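This report refers to the structure that appears directly beneath it.
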Amino acid sequence: MSRFWSPIVHDLEPYVPGEQPNLANLVKLNTNENPYGPSPKALEAIESAVNDDLRLYPDPDASKLKKAIADYHQLTVDQVFVGNGSDEVLAHVFHALFQHSSPILFPDISYSFYPVYCQLYRIDYLTVPLNTDFEVITADFDQENGGIIFPNPNAPTGRLVSLSDIEQLLQSNTDSVVVIDEAYIDFGGQSAISLVEHYPNLLVTQTLSKSRSLANLRIGFAVGHRDLIAGLIRVKDSFNSYPMDSLAVEAAVASFEDEGYFKQTCKQVINSREKLITEMAMLGFATLPSAANFIFVKHNKLDATELALRLREQGVIVRHFKQERIKQYLRITVGTESQNQQLLAVLKTLVS
Ligand SMILES: *Cc1c(COP(=O)(O)O)cnc(C)c1O
C-alpha cells in the first residue's frame, strides 16, 4: 500500500499465475505447459534471427506472423490481431470491445483472469453458473449483456461446448461481442474460427503457449471481423507499438509451417490424456471429460488441498483452486508418459 497509488491500483486483486519453481526434478503439472518442446524448426528459426538486427525495433504490425496465421486459417490479414501472449490480446479485447452499458457475462467457473481485467478496466460483470456437470450452457447467456466471453474448452474444467451451441448463441446474441477463448482448442475441439466469416460480432482468441509449446515467447492472437480487429489495433497502438519481437515472430511462423510436428505432439498429448483418465479412475478419481491438455479430477475420499500438498512434498506440482464449487478438484496437466507415471506412482502411495 502506498498513498501514491492510484485508486484503481488500491482496489486491484491481481491474477495469481501457477508457480514456476526453480527446482530440478520436479514433475511440473500445474500450468498446462506442453510436455514436448517446440518444433525443432521453430528453434532453428530463432537461432537464425539472433543477429545484429536485434538493434532494430521489430515490425510494429508483425505482418509476417499475421500473414502466416491468415494463411493457416484461410483468412485475410485484416481479420488477424497478434499480441504478447493471448493474455495481452484478452486485455485489449476487454478494453476495446466490451460495452459498459450492461454487465459482461462469463461462467462462474472459468479463467480467473477475466474478473481481473474487469477490475482493471472498470467493467461490470455477471457470472453465469455452469450446470451441475460443470458444462457451459450457452442458452443461459441469453440475457442483456455488454459482451460474452468463455474459454472453449473451458478452463479449468476441460469441458467442451459444441460449435452448434456457439452458433446458436451467436444467432440469439447479435448486439454485443462474443469472445471464444480457444487456448486449448487444438487438443480435441472444433474451432469457431470457421464461423468468423458469418458473424461480425464473433472474436476467437488462441495462443501458441499450449499446443505449440511456445509459452516462453508470449504469442497469442485473435481473429474476427476486420472492424473488431481495427478496434483492437487502436488500443494496441495506444499501449505498446512493438509487442512482438522478431524472435517470437520467426518461431511462430516456423511453427505454423511445421504441421507434422504440431499434429503429432497434439495427438500424443490426447492419447496420454485418455490413458491417464483411465488410470486415475483405478485410483478412485473421477475425471470430467476433457478436450484440453489437462484433466480436472476429484477423489472419492481424499481432500484435494491435502492431496495437492502431499503431491508437492513428493515433487509433483498440480493446480488447486480454492473457489467453493471446485475446491475438491485438482487440475492436472497431461505430461509425458514418464511424468504421468511418476504422478500415478505417488498417487498410489497416497490413496493406499
Ligand atoms: C493459458 C491461457 C491463456 C493465456 O495464454 P498466453 O497466450 O500464454 O497468455 C488464455 N486463456 C486461457 C483460458 C488459458 O488457459
Side-chain angles (χ1 to χ4, degrees), residues 14-20 28-35 38 42 62 65 69 80-95 104 106-118 120 127 130 134 136 148-161 166 178-189 191-193 203-223 232 236 239-240 243-245 248-249 251-252 255-256 266 269 273 288 290-296 318-319 321 323 326 329 331-334:
Y15 175 75
V16 183
E19 54 174 334
Q20 297 292 122
K28 189 176 179 306
L29 305 175
N30 66 329
T31 51
N32 299 341
E33 287 142 335
N34 198 311
L65 175 54
I69 293 168
V80 181
F81 179 80
V82 295
N84 193 239
S86 64
D87 285 339
E88 184 186 83
V89 173
L90 289 168
H92 291 337
V93 168
F94 277 68
H95 212 171
I104 71 157
F106 49 81
D108 62 337
I109 311 293
S110 186
Y111 189 34
S112 42
F113 227 134
Y114 301 158
V116 178
Y117 294 135
C118 284
L120 182 61
T127 57
L130 303 181
F134 292 102
V136 172
I148 294 174
I149 183 166
F150 57 86
N152 196 40
N154 195 11
T157 64
R159 297 213 67 163
L160 187 72
V161 172
I166 289 174
V178 176
V179 181
I180 312 294
D181 176 354
E182 295 189 356
Y184 302 102
I185 197 70
D186 297 323
F187 299 109
S191 173
I193 290 180
L203 192 85
V204 180
T205 64
Q206 290 194 3
T207 174
L208 278 75
S209 299
K210 277 82 181 224
S211 58
R212 293 183 184 273
S213 199
L214 290 169
N216 199 293
L217 293 186
R218 314 302 303 124
I219 309 156
F221 63 92
V223 304
L232 291 171
K236 173 248 169 197
F239 180 81
N240 178 3
M244 311 304 294
D245 64 76
V249 167
S255 170
F256 280 108
C266 286
V269 169
R273 176 185 72 211
L288 296 182
S290 170
N293 69 339
F294 57 84
I295 57 174
F296 203 52
V318 301
R319 193 92 198 252
F321 297 93
Q323 213 181 331
I326 55 171
Y329 284 81
R331 192 196 69 189
I332 305 178
T333 306
V334 177

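Side chains are part of it too, since the values below use all heavy atoms of this structure and drop only hydrogens, waters and symmetry mates. What you see is a predicted model; the values in this text were computed from it and never measured. Just so you know, ligand 1 is whichever comes first in the structure, and atom 1 is the first atom listed for that ligand.
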Identify the closest protein heavy atom to [atom]: which residue and atom is it, and at what distance?
atom	answer
atom 3 (C) of ligand 1	Lys210 NZ, 3.5 Å
atom 5 (O) of ligand 1	Ser86 OG, 3.0 Å
atom 8 (O) of ligand 1	Ser209 OG, 2.6 Å
atom 11 (N) of ligand 1	Asp181 OD2, 2.8 Å
atom 15 (O) of ligand 1	Tyr184 OH, 2.6 Å

Check: Short list, please: which atoms of ligand 1 are under 4.0 Å from a heavy atom of Gly85?
Finding: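 Contacts of ligand 1 toward Gly85, numbered from 1: 7 (O), 9 (O).
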
Next item on the list: Under 4.0 Å from a heavy atom of Thr207: give me the atoms of ligand 1 that qualify, with their elements.
Entry: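 Those atoms are 5 (O), 6 (P), 7 (O), 8 (O).
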
Notebook entry, point to check: Heavy-atom count around Asn240 CG within 6.0 Å, excluding the residue itself: above 12?
Noted result: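 More than 12 heavy atoms, drawn from other residues, nucleotides or ligands, come within 6.0 Å of this atom.
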
Checklist line | Aromatic ring proximity Phe134/Tyr329, centre distance under 6.0 Å | finding: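 Yes; Tyr329 has its ring centre under 6.0 Å from that of Phe134.
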
Margin query: Tell me if the centroids of the rings in Tyr117 and Tyr111 come within less than 6.0 Å of each other.
Written below: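 Between Tyr111 and Tyr117, which both carry aromatic rings, the centre distance is not below 6.0 Å.
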
Next item on the list: Describe, in one word, how the ring planes of Tyr15 and Phe113 are oriented to each other, choosing from parallel (under 30°), tilted (30 to 60°) and perpendicular (over 60°).
Entry: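 Rings of Tyr15 and Phe113: parallel, as their planes differ by under 30°.
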
Notebook entry, point to check: Do Leu90 and Ile149 have side-chain heavy atoms sitting under 4.5 Å apart?
Noted result: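 Answer yes - side chains close enough.
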
Item checked: Contact check, side chains of Leu130 and Asn154, non-hydrogen atoms, under 4.5 Å ->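 Counting from C-beta outward, Leu130 and Asn154 do come under 4.5 Å.
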
Next item on the list: Ignoring angles and geometry beyond distance, decide whether Arg218 reaches within less than 3.5 Å of ligand 1 through its nitrogen or oxygen atoms.
Entry: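 Between Arg218 and ligand 1, an N or O pair is found under 3.5 Å apart.
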
